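Computed from a prediction, not measured in an experiment: that's the story for all the values here. Residue numbers begin at 1 in each chain, while the letters A, B, ... track the order of the sequences.
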Amino acid sequence: MIRRAITWQLIVGAAIVLGWLVLGLAAPVLTSVDPLRTKSFIVVGTRTIPPPFDPGTFGYPLGSDNAGRDIWVEVMYGARATLLIAFAVLAARLAVGTVLGAVAGWFAGRPVDRFVTALTDAFAAFPTILFALLWIFAFDIRSGLSAFAIALAITGWWGFGRATRTAVVALQGRPFLEAGRALGLSDFALFVRHVLPNLLPILAVSAALEASAILLALGELGFLGIVVGGGFSIPQDDRNLGGGTSFIFSTAEWGAILAGGRFAVYSSPWIALVPAAAFASAVFGFNMLGHGLRTLFDRTPVPLSRILTWRSLAVIGVVILTARLVAPMIGPAAGYTSMARTFDVGRAMSHLGYLADPARAGRFTGSPGYLASAEYVADQFRALGLQPLGDDGTYFQRFTQTVVRISALPSLELTAPNTRVFVARRDFTERVGGRAGGGTALGNILYVGGGIRNAEYSDYAGTHPEGNIVLIAGPTEGDPIDAAIRSGATGVIFVAAPDADVGIIKFSASSSFERATVPVVTVTEAVADLLIAGSGKKIAELRSALEERRRRSEQRPTLERAVPEPLSFDTTNRVRLSVPLGPIEQVDTMNVVAMLPGNDPERSKKFLIVGGHLDGVGADPDGTLFPGANDNASGPAVTIEVARVLAANRALLRNSFVFAVFAGEEEGLVGSEVFVQGSITKPYRPDNVVAFVNLDMAGCCGQLAASDEVFALHDRLKNAADRLGYDLQYTPAIGGSDHRTYLRRRVPAVMVGPTELGPFHTAADAAGSVDPKRLRASGEVVLQALLELGASE
Amino acid sequence: MSRALVGILTRVLLVLFTFVLIVVLAQLALAAASTRAAHVGLDEVFRRAWEGTQDYFTSLLQGSLGEASSTSILGGRRRSMGEVLVDAYPKSMVLVALAIIVATALGMVVGIAAAATTSRRIRGALQGITVLAVSTPSFLLAILLILLSATMVSKYGIRLWPSFGFGWDDHLILPVIVLAARPFAQIASFTYVAVDETLGSDYVRTARSKGLRESAILLRHALANAAVPILGAIAAALSIALSTLPVVEVFFSWPGLGFSLLQAIRRFDAATAGTLLGALAMTIAIVRFTLDAIAARFIRAATGAAT
């Protein structure tokens, strides 16, 4: 009886599925190779050979991918990740499908059933991959596994729905149900006790077949470049002037390997072929398992339903759930929370107090206030007994950078007859760098919308920009200053939106200029309304008209509205605009860097870096100070305190830790660039950096957040925050900070910062505006994450 | 008479329901996807989805697919939506239609042969092919076929077929093979089960005892009664083929609907994606309606013959 029920399909299917599960789970035991370890070249005699390496060469049994990772190891580890994703999707589909199908089957023939059946048919008609893709984007691909599980459940629940409905309908009217009813069991009890257990065999069969369908879908999505979390986007342009990003995969997952290999089918076919074959074998295995199980249940109906009762399944579920719930409370990660909580916010606040003190004068890079701050940080590192990493056994890495400063406050005034003088830093502020230079401009104001000028459309059509000053408020495109210069304007005025993230602040000045420059300022909306007074128009209305136009065009544009009339107009209001700029200077400045070596002979060769920039925007020529307490005395202050806690627990550290505070961030990430370039000949060169945690604005405003260029790192920090009971959000995409320097080199890096910018780059960014609770949260979360990364097994 | 009318009405309603559901869900997903960077609330997402749906149906009712633009109107290449649709739609639909025709023909032949043969070995081989075809992911088949053609060219100098690109000629071969593989397996296995069942039934035995030729039994009796499940399998095969479409189009650089849709979704271009998805939904709805109608005729014929 039993021997007839066990078919070769069942054996083959179970063998393949179990094989992959064992390979996936035992991967760390079966191989000592790190699935994510890249190799940039292999030297053979006088030749250097770049990856991908052929199968069977240099110890790569199945070859390597484009980054030199071992594909066989990747596929082994990938079995774990991919099957986990498949099971998560399966669970989601099972939950939705079974409930809906059971309801429909129980109330067969009633309106509920008709509705669910119609829904089932409709969803079955959807093209799965396209809809899954759409929903993955809708649920935000960054949220990783959950987005995939929900998206694939939405598109595929109907399989279980149909199977369950059919099974429940078949059970209706069976004698044991009648008997139960006669015994006075309620519908619900009857359903739970007698119907559900009888569904288990059919659900097991469906689950195996669904698993193969899910794996197919995951493979196809991977083939289209849609993979679960775990990759990272790298800004291709280091100066943040645009240029887009490229995406690198960093998870060992079959779909991701496939995504990396799909464009190299001719040159190195094994990269795509190996994961594709893995997918095919797993799909085949689950198919066989499903058919085998069906035969098994058909031929031995009685004993199995006794083993596979609802209760025993519930017990398994409870065990898994408890294991999951308890895991974070035991294990090393949980042990670190008490250590992370020894972060002493009092000490951090006192560091911050020193750095943000008016005596430091805003720590403009290379200024006496900056040098004093650097000395202070070095003293703290010394007191903690950290190893100096700077020049000649000091903590200082000295270098020279160029800076440019305004020699007097900028001015902006309406000339006669409506004379009116505006106040710098309250009504307007200057921009310096690129096409925005120094000098004076005198001319009529003309409003030019978003200042767009390209082959098809010009905001300048019908206006007279030559020798005049353009006012820009509205959605823009390209470089509006360049368009203004090409149109002959002598000055540019931007209008800050009332709800903009960045208002009237002291912008940092870049010392690199284009050949042609004009003076540029940003004004408030109120000032802008005065500048176009007499035109009968309001900036807010013009801006919202243009924004609405843009929105409509992006949502559902029509040909008739394709090239709209610009809203631009000339005025007779005359304006004098001046940005007095000093010469480009060379200043001597320094980063402050220290190290805490790890104890593990192998792991200590890999480095975790934590730090933030020490410099600020300095002071204005009139003496106004920008203390830069949150931006960014908070970063170095937290770094010092994190270093103290790590140094106190140094016996636990396996990886080596580097602490770095940088100069010249405001002028374009100068200090971190110098540090990374200087590290190329050192043990902590980018290849050996596990992660860089950049603390920028760690003490105030909005909610605690981390950047998401590297999903995996954001995840790490989020888990650490969860363990400590904090909430971690995403930072908004505004400007860049020092972590970009590492991201560009494909080193995982993350910025810990706020969701809102607060009073940054204003005189109000003083020590009083920093929230100690927030500073503590930043410190504890970073500590927890660093300990989990660098201390645990 | 009135019962038949009700049946047709129900089917029309179901088809409309499918179409509207696809459009609404697509608009909802597109609204959520395109606003995800902007940190807007759920109400804004629903508002946009509602607007998009309204826009879509009004323009549909006005019969104007002259809706425009693949990128922003203020730059980039401008193409009218009609243009995009007229360009991409036939390219995809011919591909899918060819694949379904090939899959149906081959699948039915293989399925009937497997059911009718008396040789266990042939039956096993045919079933093996089916199982392999159903388990082979489209991308694996695509890679293998491309490698095959590359090897044929480099080793033997034989050019089998173009490996990628668009053309109404032998360029069709590879995409159609890849697209047809799994639908073929689906149809073959359904045909096998259905025909096998009818061949064992009483009336076939009766027909045999009447001395009818085996081919007549197969065609007139077995196949006619197996038609309904086979039509169901074709409908399922269609949705498999449509699901695989983007993978095939991207891999073979076939500038069709799936390819354009993928680009639109990646750019969060809700207008283009909405229209293309709407066209796809319309096609699915119409094809399903047709298949349902044919199946209904078969059912009526069968029940009519019984009474």
Side-chain angles (χ1 to χ4, degrees), chain A residues 118-119 121-131 133-135 137-140 154 212 215-217 219-220 222-224 258 262 265-266 269 272-273 276-277 279-281 283-284 287-288 291 450 452 454-457 477-478 550 553-564 732-733, chain B residues 14 17-18 21-22 25-26 28-33 36-37 39 48 51-52 55 59 66-69 72-75 78 80 131-132 134-140 143 146-147 150 235-236 239 242-247 250-251 258 261-262 265 268-271 273-274 277 280 284-285 288:
Chain A
L119 220 54
D121 287 345
F123 272 88
F126 285 17
T128 321
I129 296 298
L130 278 173
F131 261 82
L133 200 111
L134 207 55
W135 285 109
F137 279 118
F139 286 109
D140 198 343
I154 290 180
S212 87
L215 282 169
L216 264 180
E220 290 186 330
F223 201 72
L224 295 173
L258 197 57
R262 69 201 152 125
V265 171
Y266 286 104
L273 215 45
F279 266 119
S281 75
V283 167
F284 179 73
N287 257 334
M288 289 294 97
H291 289 299
I452 297 166
N454 59 32
E456 293 188 320
Y457 173 85
E477 236 176 57
R550 165 75 62 100
S553 80
E554 281 171 355
Q555 266 205 335
R556 185 157 285 275
T558 63
L559 271 181
E560 302 87 73
R561 269 179 278 153
V563 178
Chain B
L14 275 178
F17 177 72
T18 305
L21 193 68
I22 293 183
L25 282 177
L28 191 62
L30 283 168
R36 123 205 116 88
H39 296 286
R48 281 202 184 199
E51 260 180 32
D55 277 4
S59 65
E67 305 278 331
S69 177
S72 148
I73 49 158
L74 302 173
R78 230 181 16 252
S80 86
V131 167
L132 266 185
V134 97
S135 301
T136 306
S138 53
F139 46 87
L140 180 63
I143 295 172
I146 280 213
L147 285 180
S239 86
L242 284 174
S243 183
T244 319
L245 190 65
V247 175
V250 167
F251 193 72
L261 248 171
L262 212 62
I265 294 174
F268 304 123
D269 179 350
L277 274 171
L280 202 56
I284 294 169
R288 285 177 65 86

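Between B:Pro137 and A:Ala276, the shortest heavy-atom distance links the atoms CG-O, 4.5 Å.
Residue contact with chain B, scored on non-hydrogen atoms closer than 4.5 Å, involves the backbone and the side chain of A:Phe284 alike. Contact annotation for B:Val247: both backbone and side-chain heavy atoms come within less than 4.5 Å of a heavy atom of chain A. With a 4.5 Å cut-off on non-hydrogen atoms, A:Leu258 touches chain B through its side chain but not through its backbone. In this structure, the portion of B:Leu147 lying under 4.5 Å from any heavy atom of chain A is its side chain and not its backbone. Neither the backbone nor the side chain of A:Ser212 comes within less than 4.5 Å of any heavy atom in chain B. B:Ala26 touches chain A through backbone and side chain together, each having a heavy atom under 4.5 Å away. Looking at B:Leu245, neither its backbone nor its side chain comes within 4.5 Å of chain A, counting heavy atoms on both sides. Of the two parts of A:Ala124, only the backbone, made up of N, CA, C and O, holds a non-hydrogen atom closer than 4.5 Å to a non-hydrogen atom of chain B.
For A:Phe123, the ring pair (Phe, Tyr, Trp, His ring centres under 6.0 Å) partners two or more places apart in sequence, or in a different chain, are A:Phe126, A:Trp157. For the ring pair (Phe, Tyr, Trp, His ring centres under 6.0 Å) test, residues two or more places apart in sequence or in another chain that qualify with A:Phe279 are A:Trp254, B:Phe139.
Top candidate by heavy-atom pairs under 4.5 Å with chain A, chosen from B:Leu280, B:Ile146, B:Leu25, B:Leu132, is B:Leu25. Each of A:Pro269, A:Ala217, A:Ala272, A:Ala280 has some count of heavy-atom pairs under 4.5 Å with chain B, and the biggest count is that of A:Ala280.
Here the CD1 atom belonging to A:Ile129 is positioned 8.0 Å from the OG atom belonging to B:Ser138, to the nearest 0.5 angstrom.
A heavy-atom distance below 4.5 Å is not found between the side chains of B:Val131 and A:Asn287.
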- Task: Run the numbers on B:Leu261 and A:Leu133 for side-chain contact (heavy atoms from CB on, under 4.5 Å), then give the verdict.
- Result: CA-CA 11 Å; B:Leu261 248 171; A:Leu133 200 111; over 6 Å; no
- Query: Do B:Thr18 and A:Asp121 pass the side-chain contact (heavy atoms from CB on, under 4.5 Å) test, and can you show the C-alpha distance, the side-chain angles, and the key distance before you say yes or no?
  - Reply: CA-CA 8 Å; B:Thr18 305; A:Asp121 287 345; 5.7 Å; no
